[in-house]
Number of protein chains: 2
Amino acid sequence: MTEKQENILNAALKLFATEGYASTSTSKVAKEAGVSEGLIFRHFKNKEGLLNVIREKSSEAGKAMMADIVMTSDPKEVIRKILELPYYIEKENYEMWRLTYALKWQTDNYDTSYSDPVKVVLREAFSKLGYEDPAAEAEIILMLMDGAATAVLLHEPENKLDILMALKLKYKL
Amino acid sequence: MTEKQENILNAALKLFATEGYASTSTSKVAKEAGVSEGLIFRHFKNKEGLLNVIREKSSEAGKAMMADIVMTSDPKEVIRKILELPYYIEKENYEMWRLTYALKWQTDNYDTSYSDPVKVVLREAFSKLGYEDPAAEAEIILMLMDGAATAVLLHEPENKLDILMALKLKYKL
DNA sequence: TTTAGTAGTGAGTAATCACTTACAAATGTA
DNA sequence: TACATTTGTAAGTGATTACTCACTACTAAA
């Protein structure tokens, strides 16, 4: 991965995340990256290829975060880690997550590859804890995580820590 | 509102919701609506004007749904109604909500005008019920609603009713 | 019946789109 | 050094974009 390739990827991530994939032109990406427009096509074949590389990187980052959770055996620990995820997104990864969440609403684009294994682990966790409907509880936790991530990414509530505390209390963590 | 105007609005809503605002051309909207492209600009000035009319209609629909909740006095009833919202979205309104949720991720576009009053009512409700941190609880309910709506709109979980039941149980409704 | 305003169209417009091509510069490799 | 490959650019390409313009058809009031 050369320096200019990374410049292109960084510029594309920034622009796709803030202005949207469809409304970001390849010429704008090139200008932001400080390279000629043709270089984008040399390295990434086409605009979608560029998006796919970014998506793949994001997907890997997501899987890495989930991998730790999937290996956790203590059920309360599993739930705690998932609830904490949105509140420990690092500033430098905001754009990546914004883009990921925005792309969810594109028609073709629904990927369960790294939420499915978590769902399984969650069901086991709630089962161990004696909850009545572990499948429903797993779904609820994921909804909660999704809603929390959306809130953090879009309007960053000022009582973040209070919310997380109240959440933990709910699950007696 | 003439018939052709409504045709344009319906076509635009459908296409904006399924393919995205930026990647839907005015010519595509015109074709879908069965009118000349020029008519769109006669009636709605420009592409953004067309979107704004749709947005305004959606916003009114949203406010109407919230109005009932804001006037409810019984605290448990307030919470129940909000949690139920995503599970009673009518099929005919799916496109409207999909578009609303997708547009949230557009930069300029964060509108709290009809979630703010609900937040106030929720805080009161949790306060009345003796919860320790009503502000955080209100935020959590809204996150839950948001996550549930996202789930329903994007992948329509097959255990919808179980989830809703488990949710109600959590708040002793 | 004249007049005026609105509804509607089809053929334009310049600008921008994603992408290609021809070629030069840099880099590796024998 | 000689040669092959990769990296990079500038100037294109046709297609599509949002939008305009000149015009006709229709409706309603004076």
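Lettering of chains follows the sequences in order, A, B, ..., and the numbering in each one begins at 1.
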Compile the donor-acceptor pairs under 3.5 Å between side chains in residues 61-72 of chain B and protein atoms, sequence neighbours left out, one pair per line.
{"residue": "B:D68", "atom": "OD2", "partner": "B:K81", "partner atom": "NZ", "Å": "3.3"}
{"residue": "B:T72", "atom": "OG1", "partner": "B:D68", "partner atom": "O", "Å": "3.0"}
{"residue": "B:T72", "atom": "OG1", "partner": "B:I69", "partner atom": "O", "Å": "3.3"}
{"residue": "B:T72", "atom": "OG1", "partner": "B:K81", "partner atom": "NZ", "Å": "3.0"}

Exercise for the section: Would you please test A:S27 and A:E37 for side-chain hydrogen bond (donor to acceptor under 3.5 Å, both in side chains) and show each step? Expected result: CA-CA 6 Å; A:S27 77; A:E37 198 181 349; 5.0 Å; no
Problem - Distance below 4.0 Å between B:S36 side-chain N/O and C:dA7 OP1 or OP2 - result: no
Exercise for the section: Could you check if a side-chain atom of A:T24 sits within less than 4.5 angstrom of a side-chain atom of A:T18, using non-hydrogen atoms only? Expected result: no
Completion exercise
Rounding to 0.5 Å, atoms CD (B:E139) and CD1 (A:I163) come to a distance of 4.5 Å
Exercise for the section: Using heavy atoms and a sub-4.0 Å distance, could you list which residues of residues 38-54 of chain A are near DNA chain D? By number, please. Expected result: A:G38, A:L39, A:R42, A:H43
Problem - Sidechain N-carboxylate O distance under 4.0 Å for B:E19, B:K28 - result: yes
Practice task
Using atom types as modelled and distance alone, determine if a side-chain donor or acceptor of B:N93 lies under 3.5 Å from a backbone N or O of B:M96.
Solution key: no
Practice task
Before accepting this row, confirm whether a basic side-chain N of the pair A:E137/B:K170 lies closer than 4.0 Å to the acidic partner's carboxylate O.
Solution key: yes
Handout entry: Within-4.5 Å side-chain heavy-atom neighbours: B:E3 and B:V35
Key = no
Practice task
On DNA chain C, check which nucleotide each of A:E37 and B:E37 is closest to and give me the residue with the more 5' one.
Solution key: B:E37
Practice task
Tell me which residues in residues 4-32 of chain B put a heavy atom below 4.0 Å from DNA chain C, sorted by number, or none.
Solution key: B:K4
